[in-house]
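Just so it is clear, the structure is predicted and the values come from calculations on it, not from any experiment. As the structure lists them, so they are numbered: ligands from 1, and atoms in each ligand from 1.
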Amino acid sequence: MSRTLIRNAKILTVDGERGTAPFDGDLLVENGIIAAIGQNLVAAPDASVIEARDRLVMPGLVNSHTHSSETFFRGRYEGMPLEIWLLYAYPLLMNDPIGKRLLYLRSLLLAMESLRNGVTTICDDFFDPPAHDLDRLKTVFDAYDDVGIRANVSSAAMNIHTLDALPFAREVMPTELQAMLDFGPPTTAKTYLDYCRSAFASLHGRSGRVNFMIAPSAPQRCTPDLMLGCMDLAMERGVPFHTHVLETKTQAVTGHELHGKSLIAYMHGLGLLKRNTTIAHSVWVSDDDMRLMGEAGVSIAHNAVSNQKLGAGIAPIRRLLDAGVNIGLGTDGVCSNDTARIFDVMRVAGLVHSVSGPDYRKWVSADEILKMATIGGARTAMLEHVTGSLEVGKAADLIILDTRSYPFMPFNDAARQLVYAENGSSIETVMVAGRIVMQHGRLTTVNEGAIFAELSELLPAWLAEHTELERRNAVFEPVMAEIHRRCALANIGLDRYQGDLPRFEGANG
Ligand SMILES: [Zn+2]
């Protein structure tokens, strides 16, 4: 039996009883599980003791939505809406998939940055075209297993041609460019579902921490039979059906152009709004959409930073909360956010909704944001019985912050200082399933210096190849810009933009 007693701490449980109010006490971990929380707990002689005076102990943060495939693209782009940015971050014309060592290091780097910044669970919507390869998925699982993070990992699926998943694309794109995008028959539902079953059989539940989740990319990118098969399997296995819906206005227009209704109403009609459904973004949802989502008990991953980076708009978070939708926070990939830090997303999400309207009684509070970053996030991952709060019987996924630090000097209010002042720099210790993965500001499970040295060695050649790939894909940019322009000018009776910039200078739309 391994035992750790954390004593004399300020403890923030974020559970149903104590919420976000800290109290002074001790926390006992036995075999990776929280065994007791209270005052004056007595350590068994064999227990290791963490003296936590002047320390705040809180649940590890959950990153509800990210893509490890973007980890090497930090700081590479700006000033592009999603549909243009995708051309470079997820090129239509592809090179061979990244080599296995870099694949491993890329996943590892994301997990390392996450852990260092207090994120103990990541939901990685792993995108690895063109094929679904169990051995490559295993490489990602290996990285998360080795570094000690908790993770849900998908293998993102789509089987509708890009040109049929975007409004006006066939009309706007010259035929010679369309001809360049003939990649042969897409994955069938059966092939993908067989692959998922193999992933469940061979990888799911690795070390009790690394799980497989099912991720049809988006309702406009997947056929109904693929999505329905995914939902059946997600429900059977108790894992999320993790997808992207209504991130951009272009996607809002897509629903109306393809189905004559919003993509949420379309999903509802197919029976795809369920408790297992986790929707990344949910920016361009209508009141009717939100009602359907709340009634079904779906979750969303709110990617407040990414949505601003790509100019997507501001998700109606207060109305989603009022409708009963569960909310977690996501960074989205490091290419549309530039970091893997949930603390940054907390701060932005805590601030941005205050400019959505002058009724200050509706602004989103630090308490609400802190719950989204912890237990709400765990629920988006369908891991709320395992992590996301400090409760007896749950896994010991926790972080210990030194409150003798700038963000906490002086200590006024835990939730507000965590949301508005902290940036991860006060984190001293990070524990996942009772195992210390970061201590005294260093990761304990990997040699960070060696990993950085190897990345510095390997990446220049790979990034040079990517630069060449960007050049080849730039040929599609005018088409994507025109689709974006047409959609931006479309009147769909909904607005999620703020501020006073013109839609398009001189546009005659
Ligand atoms: Zn995403």
Side-chain angles (χ1 to χ4, degrees), residues 62-74 76-77 80-92 106-107 110-111 113-114 119 121-129 140 151-158 160 162 165-166 213-222 227 230 239-252 254 263-264 267 277-285 298-315 327-342 344-345 348-349 372 377 380-381 480 496:
V62 178
N63 187 346
S64 298
H65 182 69
T66 186
H67 303 279
S68 57
S69 44
E70 295 177 29
T71 306
F72 295 152
F73 296 152
R74 151 190 352 257
R76 206 166 166 92
Y77 311 108
M80 295 180 189
L82 175 82
E83 288 75 20
I84 294 178
W85 168 89
L86 281 170
L87 281 179
Y88 304 108
Y90 294 86
L92 291 172
R106 191 175 71 180
S107 317
L110 175 71
E113 185 186 7
S114 301
V119 173
T121 300
I122 57 173
C123 300
D124 176 11
D125 187 14
F126 171 56
F127 188 76
D128 193 42
V140 179
N152 277 0
V153 187
S154 78
S155 188
M158 57 184 79
I160 290 180
T162 304
L166 277 169
M213 66 174 180
I214 299 183
S217 176
Q220 72 277 20
R221 299 179 192 139
C222 299
M227 288 191 291
C230 286
V239 301
F241 173 99
H242 188 102
T243 189
H244 297 78
V245 190
L246 293 174
E247 175 175 0
T248 63
K249 188 170 178 199
T250 296
Q251 292 175 5
T254 303
L263 289 171
I264 292 288
M267 287 177 72
T277 310
T278 293
I279 288 172
H281 307 299
S282 181
V283 175
W284 289 83
V285 285
V298 310
S299 290
I300 71 154
H302 177 36
N303 305 299
V305 173
S306 168
N307 290 157
Q308 296 199 53
K309 172 108 191 185
L310 298 177
I314 300 180
I327 302 181
L329 299 181
T331 56
D332 213 344
V334 163
C335 183
S336 67
N337 182 309
D338 301 302
T339 85
R341 294 192 295 263
I342 284 294
D344 294 10
V345 181
V348 167
M372 292 176 200
T380 70
M480 295 304 164
R496 296 285 178 254

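Using a cutoff of 4.0 Å between basic side-chain nitrogens and carboxylate oxygens, Arg76 and Glu70 are not scored as salt-bridged.
Tally of protein N, O or S atoms closer to the Zn ion (ligand 1) than 2.8 Å: 4.
His65 is linked by a side-chain hydrogen bond (donor to acceptor under 3.5 Å, both in side chains) to His67, His242, His244, Asp332, counting only residues two or more places apart in sequence or in another chain.
Judged by distance alone, the side chain of Thr243 and the main-chain N or O of Ala215 form no donor-acceptor pair under 3.5 Å. A distance-only check finds no donor-acceptor pair linking the side chain of Arg221 to the backbone of Ile160 [under 3.5 Å]. Under a 3.5 Å cut-off, the side chain of Asn152 and the backbone N or O of Ala381 do form a donor-acceptor pair.
Considering only heavy atoms from C-beta on, Ile264 comes within 4.5 Å of Val245 through its side chain.
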